[in-house]
Each structure stands twice: as structure tokens, then as C-alpha cells.
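Bear in mind the structure is a predicted one, so any value in this text is a computation, not a measurement.
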Amino acid sequence: MALIEALKRNVQRNIENNINKSENIDEMELFSEMYTNQLKSTDMESKSLSEIPRFFFKLPSEDEVLLQKLREESRAVFLQRKSRELLDNEELQKLWNLLEQNYTHIPHYSDEQMINYEDFLKVGALAGLKCRSFFVSTVFAKLLQNDPYGRISIMQFFNYVMRKVWLHQTRIGLSLYDVAGQGYLKETDLENYILELIPTLPQLDTLEKNFYSFYVCTAVRKFFFFLDPMKTGKIKIQDILACSFLDDLLELRDEDLSKDMQESNWFSAPSALRVYGQYLSLDKDHNGMLSKAELARYGTGTLTETFLDRVFQECLTYENEMDYKTYLDFVLALENRKEPQALQYIFRLLDIRNLGYLDIFALNYFFRSIQEQIRKHNQEPVNFEDIKDEIFDMVKPRDPLRIYMSDLIRSGQGETLTNILIDLNGFWTYENREVYVPDPTGFSDTEQ
């Protein structure tokens, strides 16, 4: 009996398994059918799912000479086509004449030439295809101010067009030096661009040709110091166009540029000669490099020894001597201490333990050199605790015991903090800041 019962249970189990398998097969068939139908319907809606377009094109290697030549030629043709799409001087003059002839005049309101949207579109239709992108509602809205009649100034609009044309022309010009064709310039690319630009800048006519290499190095370092703080060795062309450096450089086309403007322009001949002259003056042994002792004479000669030690520890040197390119980074950092890139340069030197922040230990480490210099001048050293409290009160860091780079930028006190820690002259200026505050009445105490 037991055997019969066991056989019955086994038969029943096989029947149940077969039913489950049948159900599973039915489910798979149903799923497959639904999935296939879904793919068909989706494929009809969008063919891109069955055939994804190619979105990555590998750059040709150095061995693939023919592909490289083809790429260079196609890029040159593309840039030429883009250049032909831009307005030339004759077309710009024609556009200005159309604006003057069709501006919206309202009697007895204003002498400024203004144009409403209707006349704006009318001029756009007359100006031709090259101008079509400028005569759109978004451009009109950008330039619209507080005119009660809803008009914009034709002068502002024309300046806008001129600026856009200039930006496109400059971008095309820079792209010609983009050897990789990836939208950025390496150091050698930018050097070639500036070198070939020199003859077109009347303010640089006084430069001797044997100084060109030093001038190019001086100019290029400013671009890379501010636009490549991570030291990648390349700068996006978009970043070059967005900053003001290119404007400063091309400002040298003005033959009537004032002396004050030239002295404040890093790219001018007087400025470049000043920086290079300082370098030669510091180089006492005339070996073309600067030792720590020679660099110590920089400026007023009051930079602390501790700070100079850190400069030679962290910056690129050759047998513990600094070349002109490294010196330029040093000068740009110290002359622009309000800028984030300059603060980043100095912050890296102050962060002696590479913690990413300045703590009391780091502040004390640098301030001890200030105290030593004060003693050498037979003055009573200032208590570090007082200075420390002033620094933290001034910066107001989010962490009460740590000063991060973001705290210096947010507080706007980065220049003051660096003056206190690395330069005795800067420290005395800070300590005696009340003395230097001008009297609003215009009289000194002795005069009163």
C-alpha cells in the first residue's frame, strides 16, 4: 500500500511540474511577443534606437599623415567658410546707413536716434542674409531699456553687432593656431599667435626683435597664470575670449594710447620692459637665473625668509634657481593678490602641511619671521595671539580654527592676510593703517 501511495504522489508531482512549465512557456511567449511589438512601434516612432548615429570620432595618430592632412584641410575650409559669413567693413557701413535712414523719430522727445521693433524688423529685411541673426526679438529685448515708446538705441545695437563680429573674427583667428582642433590652445600655440600679432600692434614698434621672445613669454604667462590655474598646459579658446586680457593686448593697436594706460597694461612695451628689467636687476651674478638670495631683494626687499623658502620648495626651479617663466608667475601672484588665482598661488605656499587649510600652527610658522625682522629693526615684537585673533575676526571662517581658500575669497581679506604673514612692509602698513587713512576735511593734525 505504501508503494502505491508513493507512486500516486510522484505522478501527481510530475503533472504539477508539467503544468508549471507550460505556464512558464506561455509567459515567455507572451513576453517575447509584447517586447517585439514594443520594439516595432518604438522603431516606427524613432529610427535612432535601431541605428544610433556616430558621436565619437577618434583623432588620427601621428603615423596617419594622410588623415591628419585631411583633418587640417577640412578645418581650414570650415574656418574660411565661417569667416566669409561675417560682415566686412563695407557691409557694416551699409548696415549703419540703413539704421540711420530708418530709425523711429518722435518729435520733441529726444535727440538720440532710437528704433522700435517694427522698424527694427524692416531694417533686418533690407540688411541681407548675413545680418539676419542680429535682427531677432531676443537681441532687441537685450538692448531694450526704459524708453516709454519701446525703442532701442541704434548706436547701442550697432556696437553690439560690431562686438559680435569682432568676437567671431578673433575666435576664428585663434582657432587657426589650435593645432589639435579641440577648442583650446597650448602654450606654444598661444606663443605663435602673439608673436605673429606683434607687427600689427603700433605700441610695440619700439621693441627690438631680440626682445620678442621675452615679450611673448611675458604676455603668455599672464594668460596661463589666470586661465590655467590647474597647470593643465592648455586654455580654452572660449576662456580667452571671455576674459579681458585679449582686449588689453589688442588695445595696443591704438597709436594714441596714453602713458598711464600703457603703464597699467601688462602687455604694453613699458610694462614688459619694467618686469624684465627688474629680473635682470635682481640677477646679480648674470647667469640668467635667480637664487633665493637674489629674489630676496624683490620689491622693497622685505619678504620674509620663511616665505622665500617656501617659494623655492614649491615652485619649479633648476638646481635651486628660478628662471624667468617661474619669476613671472611669482610677480603676477604678488601684484594681483586680490585675484583668486593669485591667492591660490600664495595659499599653496602658506599651507605648509598640505592640509587644504591654514590653522594656528601655519599662521604662527610664518608670523615668526615677521617677528624676527621686527627685532632686527630694534622694535618691540607684536604678540602673535593678538594678530591671530585679528586674522580670524577679519576673515570670519566657517570653521573657527581653520581658514580655507574659499574663506579668503568670500571675506575679501586675502590680500591683507598675505601682507601680514609674508612681507614686513605689508605688515607695518596693516599695523599703521589708521595713520594712513586720509582726513575727510583735507587737513592734517598739524594744520588744525
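Between Glu118 and Arg151 there is no salt bridge, since no side-chain nitrogen of the basic residue lies less than 4.0 Å from a carboxylate oxygen of the acidic one. Taking 4.0 Å as the cut-off between side-chain N and carboxylate O, Arg375 and Glu372 do not count as a salt-bridged pair. Note on Arg163 versus Asp247: salt bridge recorded, some NZ/NE/NH1/NH2 to OD/OE distance being below 4.0 Å. The pair Arg75-Glu72 fails the salt-bridge criterion, with no side-chain N (NZ, NE, NH1 or NH2) lying under 4.0 Å from an Asp/Glu carboxylate O. A salt bridge links Glu335 with Arg274: at least one charged nitrogen is closer than 4.0 Å to a carboxylate oxygen.
At a cut-off of 3.5 Å, with distance as the only test, no side-chain donor of Thr304 or Ser369 sits close to an acceptor on the other residue. A donor atom on one side chain and an acceptor atom on the other are not found under 3.5 Å apart for Ser137 and Tyr117. Between the side chains of Thr302 and Gln373, not a single donor N or O lies within less than 3.5 Å of an accepting N or O. A donor-acceptor contact under 3.5 angstrom links the side chains of Gln313 and Arg310, judged on distance only. Neither side chain, Thr416 nor Asn419, offers a donor N or O lying under 3.5 Å from an acceptor on the other. With 3.5 Å as the limit, one finds a donor-acceptor pair spanning the side chains of Asn97 and Gln93. The closest side-chain donor-acceptor pair between Ser411 and Asp407, if any, does not fall under 3.5 angstrom. A side-chain donor-acceptor contact under 3.5 Å links Asn287 and Glu321.
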What's the verdict on side-chain hydrogen bond (donor to acceptor under 3.5 Å, both in side chains) for Asp323 and Thr326, showing C-alpha distance, side-chain angles and the deciding distance?
CA-CA 6 Å; Asp323 69 349; Thr326 307; 2.7 Å; yes

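No side-chain heavy atom of Asn265 sits under 4.5 Å from any side-chain heavy atom of Gln203. Counting only heavy atoms from C-beta outward, the side chains of Glu415 and Glu339 never approach each other to under 4.5 Å. Considering only heavy atoms from C-beta on, Trp428 comes within 4.5 Å of Ile374 through its side chain. Between Leu197 and Arg253, the closest side-chain pair of non-hydrogen atoms falls below 4.5 Å. Using a 4.5 Å cut-off on side-chain heavy atoms (C-beta onward), Asp423 and Leu334 make no contact. Within the 4.5 Å cutoff, the side chain of Ile422 has no heavy atoms near those of the Leu349 side chain. Between Met155 and Trp96, some side-chain heavy-atom pair lies under the 4.5 Å cut-off.
Taking CZ from Phe245 and NZ from Lys222, the interatomic distance works out to 5.0 Å, rounded to the nearest 0.5 Å.
Ring geometry for Tyr345 against Phe330 counts as perpendicular: the plane angle is over 60°, on a 0 to 90° scale with 30° as the lower cut. Between Tyr279 and Tyr327, the ring-plane angle classifies as tilted under the 30° and 60° cut-offs. Between Tyr430 and Phe427, the two ring planes are tilted [angle within 30° to 60°]. Below 30°, between 30° and 60°, or above 60°: for Phe384 and Phe367 the angle between ring planes is between 30° and 60°, a tilted geometry. Using a 30° and 60° split on the angle between ring planes, Tyr177 and Tyr193 fall in the perpendicular class, above 60°.
Taking Tyr365 as the reference, nothing meets the ring pair (Phe, Tyr, Trp, His ring centres under 6.0 Å) condition, with sequence neighbours excluded.
Between Phe366 and Phe307, the ring centre distance reaches or exceeds 6.0 Å. Here Phe267 and Phe223 bring their ring centres to under 6.0 angstrom of each other. Ring to ring, Phe134 and Phe120 are not that close: their centroids are 6.0 angstrom or more apart.
The local environment of CD in Gln169 is crowded, with over 12 non-hydrogen atoms from other residues, nucleotides or ligands closer than 6.0 Å. In this structure, Lys376 places its NZ atom where only 12 or fewer heavy-atom neighbours from other residues, nucleotides or ligands lie under 6.0 Å away. Under a cut-off of 6.0 angstrom, the local environment of CG in Asp399 is crowded, with over 12 non-hydrogen atoms contributed by other residues, nucleotides or ligands.
Heavy-atom minimum distance, Leu87 versus Cys131: CD2-SG, 3.7 Å. Between Ile115 and Thr104, the shortest heavy-atom distance links the atoms CA-OG1, 3.5 Å.
Here the side chain of Asp189 pairs a donor or acceptor atom with the backbone of Lys186 at under 3.5 angstrom.
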